[in-house]
Protein chains: 2
Amino acid sequence: MLDVAQSAGVSVATVSAVVNSSAPVSPELRSRIEMAIEQIGYKRNTIARSLKIGTTRTIGLIVADITNPFFTDVVSVIQDVLHRAGYAVMLCCNDEDTRLQDEQIDLLLDRMVDGLIIAPAGEDAHLSRILASTKTPTVLIDRLCDGVESDAVVLDNRRAVHDATAYMLNLGHRRIGYISGSLATSTGRERLAGYRAALDAEAIVFEENLVQIGNFREKDAYKAAMQLLIRADRPTAIFSANNLMVIGVMKAIRDIGLRCPEEISVVSFDDFPWADVFQPHLTTIAQPVQAIGEQAAQLLIDRLSGKEVEAPRRLMLQGRLIIRDSCRPVPIVTTRTTA
Amino acid sequence: MLDVAQSAGVSVATVSAVVNSSAPVSPELRSRIEMAIEQIGYKRNTIARSLKIGTTRTIGLIVADITNPFFTDVVSVIQDVLHRAGYAVMLCCNDEDTRLQDEQIDLLLDRMVDGLIIAPAGEDAHLSRILASTKTPTVLIDRLCDGVESDAVVLDNRRAVHDATAYMLNLGHRRIGYISGSLATSTGRERLAGYRAALDAEAIVFEENLVQIGNFREKDAYKAAMQLLIRADRPTAIFSANNLMVIGVMKAIRDIGLRCPEEISVVSFDDFPWADVFQPHLTTIAQPVQAIGEQAAQLLIDRLSGKEVEAPRRLMLQGRLIIRDSCRPVPIVTTRTTA
DNA sequence: AACCTTATTCGAAACGTTTAGAATATGTCA
DNA sequence: TGACATATTCTAAACGTTTCGAATAAGGTT
């Protein structure tokens, strides 16, 4: 900028004024400066600018798993609306590792992001402490975090799996296996609560050993499903608490030699774009990814643009059960296992 | 930092020395300073630091589509190794939009990233110009870019689809539909070249109208596949040049009322984690995503750590044809359509 | 005791911007 | 013509670090 100023024979202040159009400058100087900029190929140094004005126009986005289509979908729309609002985004993913997550938060705060959107891998002390103490506006998505009072947009997980479970019960299933996500997450707990509530509503006793932890991951879910399937009194249906895990569940079903839906029914949280083209057509709970992303971004933008700092806002959206073809009424001849 | 210095009764230079352990400082002062840091809750300002030392330890990562599992897989490993090397990454995606891509490059360069990894959406003038002029080390992945001389790691696309096509020819298919990616990308062109080469090798004449452009997207691929399928002399097999597009192809097949693989065979570029559990089990070309990510990151790290700036390095990795169950020998009774 | 080393610590100048307020020029009006 | 308002431009002080070279202190050597 100094070079430009000298080349155009003006002061740096004037150059700054035209670059930011922050102050009136005469047409003559303006054009001289613009020419100099063009000729020198000047690009303003955003670092120096940030240092001075104390804002980076960058927001940090942390998600647990970028390999999960649900997250990539919402990340995609978040990026889109944030970009439109003039923000860059730094995306970090931590493979559900809370230690890594803590590092990433520090790193982003370090780099002075203006805001943070987080889908927490889990609720550890560090996260709560940081979020409580930082002045950086933060919005939580997908998962809540105990003791953290901040804006958030989440799904009505309890209701969604309640509906799905009720659907299976309605089909006559009584032994429904449940592959759970990590109970260190609010989604893990809420979804399980929905399952129990649905059971309760039908006065069916909850069996501890029908729920296995799959940690939201395919590999773990495979093992978890295996536990359920090798038993003599195996369930007639399985619910998977997210998209990655249902892959593991289906692999276990295949390896055991069962056919879905003829011999075992399956419902999964999260929809797939290909769910109605590959067999079996999975019955799923679809999340409103577009809305989640848009609202999260909007919440943050509102804070950033200095609207009055009201109390934290919590948005709760509804999921939608999409019935396809991975569930069948419970077969009459289950007596084989009961006998 | 000034606060810390005053609180500990030393100069800022000394504080800086202990924060960076860049100079020897007596145990006594060190502990006094550390206490002050702890007590004040001091965090060093990375922006100011970057301004001074001219390095951000951040690298920019641009991919065309974060919704594509192939990209997310390699992004995931790139982030992993870069993080381990002490770099943060800013991830941008542009939905295959070159205009947006240009903006993103400017934005990242603006923010003074130390390096760039790009999977180019397409080859426009701006990209080439920027990459040619910038001093920022850059590595291209997945796709090359005409006239850009930089490090790159790509797949041997031509060979991979040559093999896949040969496999289909071997099964007796003579009319093989080809759903192409955008020919503005090197992958789009190379893959098509592989198809033609395989045809040539068997002395089968290339039919222009068997190839339809799907732009690497599901929606476009659906339309493209429809074009192929509504014809009287429809192909007996279809090759899809990437993962997203094969979803569209399968939807078209379903909507036309055809069964795969009984009535039409399908092979796709890019593997899916669920490919061998949902029906039909897709025959695919798997890319070595782990290796691609690792090598790309390593290439960049090498440059960044000031190894001699040799000529640009081009790494070319091999794909692997995974034969499952979406291809069958061409049925004898195709005469129905030929008659 | 004077001098030289060596080890610590400090002062101050960068890095490239932004921005208040001072300075200058221009035009208006009594 | 002098005073004043207005419009434009400039000077210089930040922003929070890093880092070079100078200053100081302490210990060794002759």
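Chain letters run A, B, ... following the sequence lines, proteins first and then strands; every chain starts at 1.
- Helix bend of the helix from dA1(C)-dT30(D) to dA30(C)-dT1(D): the angle between its two end axes, each built from five pairs, comes to 70° after rounding to 10°.
- Heavy-atom contacts from other residues, nucleotides or ligands closer than 6.0 Å to CE of Met35(A) number 12 or fewer.
- Nucleotides of DNA chain C that come within less than 4.0 Å of any heavy atom of chain B span, from the 5' end to the 3' end, dT8(C) to dG16(C).
- A donor-acceptor contact shorter than 3.5 Å is absent between the side chain of Thr134(A) and the backbone of Leu131(A).
- Listed for the Ser133(B) side chain is a donor-acceptor partner under 3.5 Å among the backbone atoms of Arg129(B).
- Between Arg30(A) atom CZ and dA7(D) atom C1' there is a gap of 14 Å when expressed in whole angstrom units.
- Contacts with DNA chain C (heavy atom under 4.0 Å) in residues 6-16 of chain A: Ala13(A), Ser16(A), listed by number.
- A side chain to side chain contact (heavy atoms under 4.5 Å, CB included) with Ile117(A) is found for exactly one of Val74(A), Val153(A), Val75(A), Leu82(A), namely Leu82(A).
- For the residue pair Thr58(A)/Arg111(B), the side-chain donor-acceptor check at 3.5 Å is satisfied.
- For the pair Val25(A) and Arg30(A), the tightest heavy-atom approach, listed with the atom from each and the gap, is O-NH1, 3.4 Å.
- Pairs passing the side chain to side chain donor-acceptor pair (under 3.5 Å) check and including a residue from residues 31-42 of chain B, sequence neighbours excluded, read Glu28(B)-Arg32(B).
- Less than 4.0 Å separates DNA chain C from no heavy atom of any residue of residues 105-116 of chain B.
- Classification of Glu96(B) and Arg143(B) as a salt-bridged pair holds, one side-chain N sitting under 4.0 Å from a carboxylate O.
- Computed from coordinates, the Ile33(A) CD1 to dT9(D) C1' distance equals 10 Å when rounded to whole Å.
- If you check the side chains of Gln290(A) and Glu294(A), you find a donor sitting under 3.5 Å from an acceptor.
- The shortest distance between side-chain heavy atoms of Leu244(B) and Arg217(B) does not fall below 4.5 Å.
- Residue contacts for Leu2(A): at a heavy-atom cut-off of 4.0 Å it reaches no nucleic acid atom on any strand shown.
- Enclosure of atom CZ in Arg99(A) is not indicated, since only 12 or fewer non-hydrogen atoms of other residues, nucleotides or ligands lie within 6.0 angstrom.
- For the residue pair Ser7(A) / Asp3(A), no side-chain donor-acceptor distance below 3.5 Å is found, with atom types taken as modelled.
- A donor-acceptor contact shorter than 3.5 Å is absent between the side chain of Thr98(A) and the backbone of Gly122(A).
- Residues Ile59(B) and Leu304(B) meet the side-chain proximity criterion, which asks for heavy atoms closer than 4.5 Å.
- Ile118(B) pairs with exactly one of Val63(B), Ile105(B), Asp142(B), Val139(B) by the side chain to side chain contact (heavy atoms under 4.5 Å, CB included) rule, that one being Ile105(B).
- Contacts with DNA chain C (heavy atom under 4.0 Å) in residues 34-51 of chain A: Tyr42(A), Lys43(A), Arg44(A), Asn45(A), Ala48(A), Arg49(A), listed by number.
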